[in-house]
Novice: 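One structure is given below, represented as structure tokens, and several questions about it will come after.
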Amino acid sequence: MNTPIKIIIADDHELFVNGLRLLLKNQTHLTISDVAQDGKELLQIIEKTKPDLVLLDLNMPRLNGIDTARFIKQLYSDVRIIILSTYDQERIIEKAKQLGVDGYLLKNSSEEELLRAIDTVMHGGNHYPGSTGSEITDFDKDSKFIKHLNLTRRETEIISLIRAGLSNQDIANKLFLSIYTIETHRKNIMQKLKVNNAAALIKAAMDYALI
Amino acid sequence: MIYRIIMELTNNILKHSQATEATIQMVYYENRLEIMVEDNGKGFDNTQRTGLGLKNIQSRINYMSGSMIIDSNILGTTIIIKIPA
């Protein structure tokens, strides 16, 4: 018998990870060697365990999935990556393709689809959504996406003003709000996008194709 | 208690603000809960808190050692409430 495919799961949602474990337990050709809670931890584990495949969440603390994927592909080009995400958003999927990510699966995919995707990428192929999925208009996808992050219209407005280089005071003047309100919005946006400075905020917003 | 506060604020928007849109959100932080209620109504003069509603809200917030900041003008009102965990 061949040695089983060594898999690392990187996801900060415990229930989801446990579900995956349970699901893959019956597959004797697969073994889950480690679980990482965030991107940084994942990179450390990869260095040690040299997995064949990483199942990667996009929205993780410390180092997000897109950046993590970029590092993995640069440092360990033979490690295959399948992104497991709730985001059905064209620009993110495109980004994943550009980075050389081998597969992209939505978290609501079936067990069969996951196994098929693993099989495909382990044989050197790619597995991306879209070919069989139903067509959704861009508008629907965008609004669905914003809903995922729970950003309000005001918050997306403020993100684009921050990106335009306006200070909190400028934004306050422009929107006729107090600077305290803008500061609060800003903190809330950072909390929602899981970032802790303005540069990371802009980057996250761009990665998530919000602006 | 938080439910009451939000009900009261929602009521205010419906009864007085003439807003066409409103957002109510709660954001959880490690050390506090933040409630943000926004509308695009006509606003009110925050220096003259005559109504019983806002006084009630303020005393509930005081009871929880929280804070409430009201940012209101003719273009709308944003109310930010912070309650420590």
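All values below were derived from every heavy atom in this structure, side-chain atoms included, with hydrogens, water molecules and symmetry-related copies excluded. We name chains A, B, ... by the order of the sequence lines, and we start the count at 1 in each one. As the structure is a computational prediction, the values presented were derived from the model and not from experiment.
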Novice: Less than 3.5 Å apart, any donor N or O on the side chain of B:Gln25 or A:Glu155 sitting next to an acceptor on the other?
Specialist: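 A donor-acceptor contact under 3.5 Å links the two side chains.
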
Novice: Tell me, side chain or backbone of B:Tyr28 under 4.5 Å from chain A's heavy atoms, or both, or neither?
Specialist: backbone

Novice: For A:Gln191 and B:Glu34: C-alpha separation, side-chain torsions, deciding distance, then whether side-chain contact (heavy atoms from CB on, under 4.5 Å) applies.
Specialist: CA-CA 11 Å; A:Gln191 171 81 356; B:Glu34 217 165 277; over 6 Å; no

Novice: Using a 4.5 Å heavy-atom cutoff, which residues in residues 172-187 of chain A come close to chain B?
Specialist: A:Phe176, A:Leu177, A:Ser178, A:Tyr180, A:Thr181, A:Thr184, A:His185, A:Lys187

Novice: Quick check: are there more than 12 heavy atoms from other residues, nucleotides or ligands sitting under 6.0 Å from CZ of A:Phe71?
Specialist: no

Novice: With a sphere of 6.0 Å drawn around CZ of B:Arg32, does it hold more than 12 non-hydrogen atoms of other residues, nucleotides or ligands?
Specialist: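 Counting neighbours around CZ of B:Arg32, more than 12 heavy atoms of other residues, nucleotides or ligands fall under 6.0 Å, so yes.
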
Novice: Just wondering, more than 12 heavy atoms not from A:Lys50 lying within 6.0 Å of its NZ?
Specialist: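 Enclosed: over 12 neighbouring heavy atoms sit under 6.0 Å from NZ of A:Lys50.
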
